[in-house]
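Chain letters run A, B, ... following the sequence lines, proteins first, then strands; residues in each count from 1. Remember, predicted model here, so these are calculated numbers, not experimental data.
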Number of protein chains: 2
Amino acid sequence: MPDQRIEEVVNKYISLSFSVNKIGEALVKEQLDCDLTSEQHYMLRYIYQNHSCTSSELADVFSVKKSAITAIITRLWTKGLIKRTRDENDRRVVYLTLTDHGNELYLETEARIHKLVESIITKFDQNEIEMFIKSYEKLHDVLLETKKNQLED
Amino acid sequence: MPDQRIEEVVNKYISLSFSVNKIGEALVKEQLDCDLTSEQHYMLRYIYQNHSCTSSELADVFSVKKSAITAIITRLWTKGLIKRTRDENDRRVVYLTLTDHGNELYLETEARIHKLVESIITKFDQNEIEMFIKSYEKLHDVLLETKKNQLED
DNA sequence: ATTTAATAGTTCAACTATTTAACTATCTAC
DNA sequence: GTAGATAGTTAAATAGTTGAACTATTAAAT
């Protein structure tokens with residue numbers, strides 16, 4: 001690829017990713033309950049999908065410090081959406097799981113978000129969206145790799 | 001597309017977009033000066049690309065309320081990175097422009113981010129990245145349309 | 001011309017998210 | 001047993017965001 005085209009693609013990617021993210025987040029936020037924030041929802045999502053997880057795991061996945069996770073999960077705990085359980089073999093470790101209420105709320109919210117995303121996905125033809133997802137997955141892998149390389153610096 | 005596959009694609013899109021955004025943002029944040037936040041940088045970026053803009057425009061582009069913009073631009077103003085100029089024909093309107101310092105800082109930072117994004121983009125073959133960008137653009141258009149439709153509700 | 005309605009941006013208070021630094025257990029390695 | 005490392009928490013400070021109210025200012029209606 002000629003250098004000039006790379007420059008254009010890079011610029012386009014930066015602008016698109018910014019805008020897609022902003023609008024995407026705003027649309028998702030409208031599907032949330034008034035007392036659940038976007039970060040909180042994604043946290044419930046991760047816990048739901050993994051049945052249980054630790055603060056360190058969340059900190060890694062969300063690319064933030066452990067103390068940020070503590071603040072968010074304390075709010076979720078205060079709302080009765082998650083519970084904390086100490087690991088019996090390593091008392092430093094706390095497992096986070098969803099309460100019944102947390103489970104219900106998550107599922108209701110996620111259903112609304114699914115509907116939203118579905119309305120968007122179905123505007124693409126099948127071949128195009130499959131190719132897009134495949135490249136998105138590759139992008140994800142490249143970003144993960146880049147993140148790991150920078151951690152080693 | 002069969003319903004089941006739609007469900008899979010939707011779920012995959014939600015997970016990927018969350019993760020790509022989180023990691024992408026973390027990587028970008030590492031290219032910033034220690035006293036410039038991600039939001040502030042993107043604001044400088046928008047002002048730079050448009051030479052001048054209003055708070056309302058920024059609020060629309062960033063999908064936030066005008067008061068959020070006021071808070072951010074006041075911080076940028078305090079740092080000497082932008083200036084405010086009242087429109088002479090409509091005294092309610094304030095135009096935001098970059099100062100020389102703001103300009104310099106933006107360009108330096110953006111160069112580092114470009115390098116980062118370039119290192120990622122060049123991991124794709126030309127055909128794939130061109131197709132990806134094309135679909136990303138379409139996604140952007142669909143999201144914009146969806147946002148507009150929801151504003152009318 | 002006057003009044004009412006709408007708009008741009010600001011202010012304020014409250015809340016959420018994030019960081020850093022320090023801390024309290026707890027575990028691991030020697 | 002001691003030193004070092006780790007998981008998660010605490011506290012303070014900063015940034016971002018919302019909703020409500022506000023101050024001009026402009027536009028529309030009367």
Side-chain angles (χ1 to χ4, degrees), chain A residues 18 21-23 25-26 28-30 32-44 46-47 52-79 81-97 151, chain B residues 18 21-23 25-26 28-30 32-44 46-47 52-79 81-97 151:
Chain A
F18 167 79
N21 294 343
K22 284 295 180 188
I23 302 174
E25 272 317 293
V28 164
K29 206 191 306 181
E30 281 183 20
L32 305 178
D33 261 18
C34 60
D35 57 342
L36 192 66
T37 67
S38 186
E39 295 307 303
Q40 290 169 15
H41 168 75
Y42 281 113
M43 249 174 225
L44 294 181
Y46 187 83
I47 298 172
S52 167
C53 70
T54 64
S55 289
S56 301
E57 239 175 297
L58 286 172
D60 185 41
V61 168
F62 282 70
S63 297
V64 295
K65 300 291 155 71
K66 285 186 287 189
S67 53
I69 299 301
T70 299
I72 301 175
I73 59 177
T74 296
R75 277 180 216 106
L76 289 173
W77 180 85
T78 300
K79 288 170 177 177
L81 300 179
I82 64 166
K83 56 187 160 184
R84 289 163 155 124
T85 312
R86 279 228 175 245
D87 183 326
E88 292 186 353
N89 299 312
D90 183 343
R91 307 290 294 170
R92 298 172 303 179
V93 177
V94 176
Y95 291 107
L96 307 167
T97 51
L151 275 186
Chain B
F18 165 80
N21 295 342
K22 283 295 180 191
I23 302 174
E25 272 315 294
V28 164
K29 206 195 300 184
E30 282 184 18
L32 305 177
D33 261 16
C34 60
D35 58 342
L36 193 65
T37 67
S38 187
E39 295 308 301
Q40 290 168 14
H41 168 75
Y42 282 113
M43 246 169 230
L44 294 181
Y46 187 83
I47 297 171
S52 168
C53 69
T54 64
S55 289
S56 302
E57 241 176 295
L58 285 172
D60 184 42
V61 166
F62 281 71
S63 296
V64 295
K65 300 292 156 65
K66 284 185 288 188
S67 53
I69 299 300
T70 300
I72 300 175
I73 58 179
T74 295
R75 277 179 217 109
L76 290 173
W77 181 84
T78 299
K79 287 171 177 176
L81 300 179
I82 63 167
K83 56 187 161 192
R84 287 166 157 125
T85 311
R86 279 230 173 244
D87 182 327
E88 292 186 354
N89 300 311
D90 184 343
R91 308 288 297 167
R92 297 171 302 180
V93 177
V94 175
Y95 291 108
L96 306 166
T97 51
L151 275 185

Which nucleotide sits closest to the side chain of [X]: [options]?
X: B:Val64; options: C:dT10, D:dT9, D:dT17; value: D:dT17
X: A:Arg75; options: C:dC27, C:dA17, D:dA15; value: C:dA17
X: B:Arg92; options: C:dT7, D:dA15, C:dA17; value: C:dT7
X: B:Arg91; options: D:dG16, D:dT26, D:dT9; value: D:dT26
X: A:Lys65; options: C:dT7, C:dT20, D:dT18; value: C:dT20
X: A:Lys29; options: C:dT18, D:dT18, C:dA6; value: D:dT18

Point to revise | Closest non-hydrogen atom pair, A:Thr70 against A:Arg84 | key: O-NH2, 4.1 Å
Would you indicate whether the side-chain heavy atoms of [Y] and [X] approach each other to under 4.5 Å?
X: B:Val61; Y: A:Phe18; value: yes
X: A:Ile73; Y: A:Val94; value: no
X: B:Ile72; Y: B:Val64; value: no
X: A:Glu57; Y: A:Asp60; value: no

Whole angstrom is fine here: how far is it from [atom1] in [X] over to [atom2] in [N]?
X: B:Gln40; N: D:dT14; atom1: CD; atom2: P; value: 13 Å
X: A:Asp35; N: C:dT16; atom1: CG; atom2: C1'; value: 13 Å
X: B:Phe62; N: D:dG16; atom1: CZ; atom2: C1'; value: 12 Å
X: A:Ile73; N: C:dA17; atom1: CD1; atom2: P; value: 12 Å
X: B:Ile69; N: C:dA8; atom1: CD1; atom2: P; value: 14 Å
X: B:Leu81; N: D:dA15; atom1: CG; atom2: P; value: 12 Å
X: B:Leu58; N: C:dA8; atom1: CG; atom2: P; value: 13 Å
X: A:Glu39; N: D:dT18; atom1: CD; atom2: P; value: 14 Å

Would you mind classifying the nucleic acid contact of [X] as base, sugar-phosphate or nothing, using non-hydrogen atoms under 4.0 angstrom?
X: B:Ile72; answer: sugar-phosphate
X: A:Asn89; answer: sugar-phosphate
X: B:Arg86; answer: nothing

Review point. Taking atom types as they are modelled, is there a donor-acceptor pair under 3.5 Å from the base of D:dT10 to the side chain of A:Thr70?
Key: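 Under the 3.5 Å cut-off, the side chain and the base do not form any donor-acceptor pair.
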Review point. Do the side chain of B:Ser67 and the base of D:dG19 come within less than 3.5 angstrom through a donor-acceptor pair of N or O atoms?
Key: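 Per atom types, the contact qualifies.
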**Study point:** Position toward the 5' end of DNA chain C (nearest nucleotide), A:Ser38 or A:Glu88
**Key:**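 On the 5' side of the pair lies A:Ser38.
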**Study point:** Residue closer to the 5' end of DNA chain C, B:Lys66 versus A:Ser63 (nearest nucleotide)
**Key:**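 Whichever sits nearer the 5' end wins; that is B:Lys66.
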Exercise for review: Tell me whether the OP1 or OP2 atom of C:dG9 has a side-chain N or O from B:Ser56 closer than 4.0 Å.
Suggested key: yes
Practice item. Would you please confirm or rule out a distance under 4.0 Å between OP1 or OP2 of C:dC15 and any side-chain N or O of A:Thr37? Key: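 Checking A:Thr37 against C:dC15: no side-chain N or O falls below 4.0 Å of OP1 or OP2.
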Check your understanding: With nearest nucleotides of DNA chain D determined for B:Asp87 and A:Cys53 from heavy-atom distances, which residue corresponds to the more 5′ nucleotide?
Key ->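 Its nearest nucleotide being more 5', the pick is A:Cys53.
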Point to revise | Reported CD-to-CG distance for the pair B:Gln40 and B:Leu32, which is rounded to 0.5 angstrom | key: 9.5 Å
